Number of protein chains: 2
Amino acid sequence: MPRAYLAAMKASLDTVFAALGDPTRRAILSMLLEDDMAVTDVADPFDMSLAAISKHLVILANAGLITQEKRGRVKWCKLEPDALKQASVWMQGFGQFEPVNLDDFERFLAAELGENDDDDAGGDDG
Amino acid sequence: MPRAYLAAMKASLDTVFAALGDPTRRAILSMLLEDDMAVTDVADPFDMSLAAISKHLVILANAGLITQEKRGRVKWCKLEPDALKQASVWMQGFGQFEPVNLDDFERFLAAELGENDDDDAGGDDG
DNA sequence: TGCATCTTCAACCTTTTGGTTGAGTATGAA
DNA sequence: TTCATACTCAACCAAAAGGTTGAAGATGCA
């Protein structure tokens with residue numbers, strides 16, 4: 001098999017993309033965009049046991065997408081966006097996309113919400 | 001749950017990232033970077049049945065990452081890099097990465113091969 | 001010490017995923 | 001028509017993923 005294909009099969013990309021494949025884990029990453037959080041607080045908005053969230057966090061940590069640091073009883077979770085970089089490089093290699101900025105990201109989120117979220121009555125800030 | 005998290009859970013992102021989570025499927029995408037291919041030819045380098053590859057192709061097509069067009073007996077598979085774009089936007093929203101160009105991509109592939117592939121004697125350029 | 005809190009572990013369950021095989025369909029060629 | 005090629009379908013299987021529950025460690029507090 002040609003060598004570039006081996007690179008595409010690299011394990012680290014594997015763990016990153018597999019981690020991103022689960023919607024709960026992507027939601028967790030989005031939450032951590034705003035601030036570091038304790039495991040309990042990460043779990044809070046989800047309709048799922050703490051143990052399940054704990055497992056998701058292990059998967060994210062193994063992929064390098066977050067780090068966890070215990071201070072006292074509390075284990076703090078921190079987003080590590082650098083781990084996304086190699087995956088991003090891989091993806092952009094395909095499309096030669098133009099660079100994307102935060103504006104694009106926010107517009108993207110807004111568009112997604114417009115499609116999805118019809119219980120969002122009002123509260124639209126521009 | 002805050003609205004941005006819902007966006008992070010969007011189904012289309014889900015299918016794209018889940019599709020990318022499998023190393024065989026990423027390898028297929030890499031192969032299609034070079035040229036459109038028939039299903040049989042896609043399957044050829046893999047140590048796996050044609051039926052298995054056929055299923056992978058369905059997953060890639062459902063994620064919008066490829067399209068398939070039947071001409072005669074042959075079903076041609078074509079890379080659709082645009083589907084990667086929204087995933088790329090999502091990822092870049094996290095890191096505010098600098099734009100990446102094809103050079104970066106190739107350097108990335110080279111570095112991966114350096115780590116992995118020790119039958120690669122020489123060819124190390126800084 | 002005793003108790004509450006934060007988190008993980010272990011055992012278990014169900015569903016999904018990724019693979020196989022053999023048969024079946026569609027097309028092309030002789 | 002007959003045969004070969006290109007691909008998919010259906011049934012099945014094993015392993016992995018994602019969830020649950022209850023118990024068990026750590027740690028902090030009174």
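Basis for what follows: all heavy atoms, side chains included, without hydrogens, waters or symmetry-related copies. Source: prediction; values computed, not measured. Just so we're on the same page: letters track the sequence lines, and every chain starts at 1.
Note that CG of Asp82(A) and CG of Leu79(A) are 9.5 Å apart. Values are rounded to the nearest 0.5 Å. The distance from the CD1 atom of Ile59(B) to the OG1 atom of Thr15(B) is 10.5 Å, given to the nearest 0.5 Å. Taking SG from Cys77(B) and CG from Leu32(B), the interatomic distance works out to 6.0 Å, rounded to the nearest 0.5 Å. Note that CD1 of Ile66(A) is 7.5 Å distant from CD1 of Ile28(A), once rounded to the nearest 0.5 Å. Atom-to-atom distance recorded for Lys75(B):NZ and Leu57(B):CG is 8.5 Å, nearest 0.5 angstrom.
We find that CZ of Phe17(B) is positioned 19 Å from C1' of dA17(D), with the value rounded to whole Å. In this entry the distance linking CG of Leu60(A) with P of dT8(C) reads 12 Å, nearest Å. The CG atom of Asp14(A) sits 14 Å away from the C1' atom of dA17(D) (whole-angstrom rounding). For the pair Gln68(B) CD and dC7(D) P, the computed distance is 9 Å after rounding to whole Å. Rounded to an integer number of Å, the gap from CZ of Phe46(B) to P of dC7(D) is 15 Å. Computed from coordinates, the Asp41(A) CG to dT7(C) C1' distance equals 13 Å when rounded to whole Å. Atom-to-atom, CD1 of Ile53(B) to C1' of dC9(D) comes out at 17 Å; the value is rounded to the nearest Å. Separating the CG atom of Leu57(B) from the P atom of dG19(C) is a distance of 12 Å, rounded to the nearest angstrom.
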Nucleotides 18-30 of chain D: protein proximity per nucleotide (B base, S sugar-phosphate only, - neither; heavy atom, under 4.0 Å): SBBB-----BS--
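One axis for each end of the helix from dT1(C)-dA30(D) to dA30(C)-dT1(D), each built from five base pairs, and the angle between them comes to 20° at 10° resolution.
The side-chain heavy atoms of Leu60(A) and Leu65(A), taken from C-beta on, include a pair separated by under 4.5 Å.
Within the 4.0 Å cut-off from OP1 or OP2 of dT8(C), at least one side-chain nitrogen or oxygen of Ser54(A) is found.
Between the Arg25(A) side chain and the Ala19(A) main chain, a donor and an acceptor come within less than 3.5 Å of each other.
Residues Gln68(B) and Val39(B) come closest through the heavy atom pair NE2-CG2, 4.0 Å.
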Lys78(A) and Glu80(A): CA distance, side-chain angles, deciding distance, salt bridge (Lys or Arg N to Asp or Glu O under 4.0 Å) verdict: CA-CA 6 Å; Lys78(A) 178 180 169 51; Glu80(A) 294 291 342; 5.0 Å; no
